[in-house]
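All values reported here derive from a predicted model rather than from experimental measurement.
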Amino acid sequence: MQVVKRIYVTVASVGFVLTSFCYGCREKEDSLVDISKVNVTYTESEEDFPNPERGFYRYSETSASNFVTLDASSIKGYRNLQSIENANYQVLSTLLFRYYILDNVKNAAIPAAVLNGIKADMQAIRTAGLKVIPRFVYTVTSNAGNCPEGGICPPYGDASKAVVLNHIAQLKPVLGENADVIACVQLGFIGIWGENYYSDYFGDPSPNGNQQNVLTNQNWQDRIDVLKALLDAVPSDRMVQVRYPQFKQRFAYGVHSLISSAALSEQEAFTATDKSRIGYHNDCFLSGSNDVGTFEDYGNNLSPRSSDAVVVNTLRDYMMNDSRFVVVGGETCSDGYSPQNDCEPAGKAQEEFAAMHYSYINAHYNNTVNNDWQDGGCMDNIKRNLGYRLVLESAVLPDNAVRKTEMNITLNIRNKGYAAPYNPRPVQVLLRSKSSGEVITLPFDTDIRRWYSGAIMLQGKLRITGDITPGDYELLLNLPDAYSSLAGKPEYSIRLANKDVWEETTGYNKLNHVVQVK
C-alpha cells in the first residue's frame, strides 16, 4: 500500500544530506510536497566479482638496475579469475603490489629513466583498470653467513637516512601525479624487503644487533623522520602503511610512548592528519602468537624489548581498534601456526580478518597457508569479504516528484565485508531520463569511509530543480572514483553485491525504480 505523508526535512540544500525527519510539520511551504512512496527490496548476490581497492592482490617487482615496465594488456587480465602458481585456488584482482627495488642507487639519485619507468607503470595500471600498492626498497635478498641469524646476516644492503630522504623527495612528484591509481603506499625503504627490521642504518633489533636487540631513541627518531617525509610526499587523501603497530604509536606520541597509547578515535579518523593516515601491512598474518614480531615492544634507551602475553594482547587491541579507520593488508608467511591460521572452527582465519579489518591479502604468498583456506572451505568467504562488500537490502523511494520541491529517499545497506572503503569517493544518486537518457547527478552527503561493517541506513533528501525536464526517470546509485581521471570508468566504481542491479557498461547500480518528475 502506498502511504502519503507530509514531510519536512530540517536541512535544505541541493543534493542529499543525512537528515532527521519531522512528520506532519508545516514550515517553509516551498519545501513541502505530498510524496507517494514505495518500499523496494533487493536480492543479495553470492558472486565473487572485482571491486576497486580490495581483495587478493597480485605480486610484481622490478629493479632500478634492470627496470622492466608493466604490460597493460597482461595485468588487465588480473581482473578475471586466474590460477596462481603453487595454489589450489583462483582469484580475480583489482590490486597490484609492486616492489620498486632501488638496488643500484644506494649512494646516488634515482635516475630520470627509473622515474619515467615508474610513471609508465602507473599509466599501464590506469589502462588496465587496477590500482597499485607500491613499496620502495633497496634489497629483497638476504646474505647467509656466520651470524646469530645464520640465513640473514649483515650487511643487509639498505641505504642511509640522507639517501632515503633524498629519494622520497624525488618520488614526491610521481606519487602526486599518479595518486588516482595508488590504493595506498607502504613505508618500505628501511631494511631488507622494506620491513623495517634487518637494517644497516636504522637499528638492527635482530639477534645480529648490538643493543640487546632494542631500537634506540635515535633509531626511532630516524624512522619517524622517514615516515614523516613519506607522508608529506604522498597526497593527503592516501594512506601510508607501516609494518608494526608500535611504530605508529611512536610516530604519533613520541619515542617514549607506551604500548597502551590510544588508538584513533571516531573524531580523529579521516581528517587528513598524519595520525589518521597511517595504516598497517602485517606481512606475517596469523603466523604465531605475536605474528613474528608484529605485536612486539621494541624498547628504547630506557625500556627493554618485550613480547610477553600482556604486550602482545595490548598491541593487538590497539591495532584492532585503530584498524577500523585505516587501511590494513599484508600476507601470510608461515604455516607453523596451524590450526590457528586455518578455517573455523579449528582455526580463526575469518575471525582475525574481521577483527583487524583487512582490506587485502597477497594471492601468492604463503600459499601453504592460503591453500588451507581452500581445503578448509572458507576461501570463498574470504575472497568475497576482504575489504567492503556492500549489500543493498531495501529502499524507500518516491513514486513522483515535483520540480522546485524536495523528495526523500532511504537506503538500507549492509556491509558484510571485513572493513569499510578506506579512500574517499563520492556517493551519488542519479536520475536517468527514460526518454532522452540524460543523467542528472545529485550528491549524497555521506562519507563512505564510515560505512563500517554492519548495517548502514542512509536517509537524505533530493532537491528537484526547476530546470529538470518533466518525465519518467530511473533511479540509480553511483559510487565512482573520486578522481576525475577515473570517475567515468566503470571498473573504478563500486559494485553492490546484489542481483540485477549492476550495469557493467556504466558502473551504475540500478535501484530498479522509476520516479515521475512533474
Between the CG atom in Asn86 and the CD1 atom in Ile84, the distance rounded to the nearest 0.5 Å is 10.5 Å

Sequence neighbours excluded, the answer for salt bridge (charged side-chain N to carboxylate O under 4.0 Å, His left out) partners of Asp297 is none

Original post:
Do Leu92 and Asn80 come close enough that some side-chain heavy atom pair is under 4.5 Å?
Top reply: no

For the pair Glu491 and Lys76, find out whether any cationic side-chain nitrogen is under 4.0 Å from an anionic carboxylate oxygen.
no

- Parallel, tilted or perpendicular, as decided by the 30° and 60° cut-offs, for the rings of Tyr156 and Tyr198: tilted

Is it true that the side chains of Asn282 and Asp291 contain a donor and an acceptor less than 3.5 Å apart?
-> yes

Sorted by chain and number, sequence neighbours left out, side chain to side chain contact (heavy atoms under 4.5 Å, CB included) with Ala72 holds for Ala124, Thr127

Quiz item: Between Phe189 and Tyr138, what is the ring plane arrangement, given parallel below 30°, perpendicular above 60°, and tilted in between?
Solution: tilted

- Does the ring center of Tyr358 lie less than 6.0 Å from the ring center of Tyr418? no

Taken in chain and number order and not counting sequence neighbours, the residues that satisfy side chain to side chain contact (heavy atoms under 4.5 Å, CB included) with Arg305 are Tyr197, Pro205, Asn213, Val214, Glu296, Tyr298

Those residues at least two apart in sequence (or on a different chain) that pass ring pair (Phe, Tyr, Trp, His ring centres under 6.0 Å) with Phe295 are none

Smallest heavy-atom separation, Ser307 atom then Asn290 atom, equals CB-ND2, 3.7 Å

Aromatic ring proximity Tyr492/Tyr483, centre distance under 6.0 Å: no

Hits for salt bridge (charged side-chain N to carboxylate O under 4.0 Å, His left out) against Asp158, two or more places apart or cross-chain, chain-then-number order -> none

Salt bridge (charged side-chain N to carboxylate O under 4.0 Å, His left out) filter on Asp283, not counting sequence neighbours, yields Arg135

*Can Asn88 and Asp375 be counted as having a side-chain donor-acceptor contact under 3.5 angstrom?*
yes

Exercise for the section: Look at the side chain of Gln82 and the backbone N and O of Gly77, then say whether any donor-acceptor pair between them is shorter than 3.5 Å. Expected result: yes

Exactly one candidate in Lys416, Arg384, Lys383 meets salt bridge (charged side-chain N to carboxylate O under 4.0 Å, His left out) with Glu46; the answer is Arg384

- Task: For residues Ile224 and Leu227, determine if any side-chain heavy atom of one lies less than 4.5 Å from a side-chain heavy atom of the other.
- Result: no

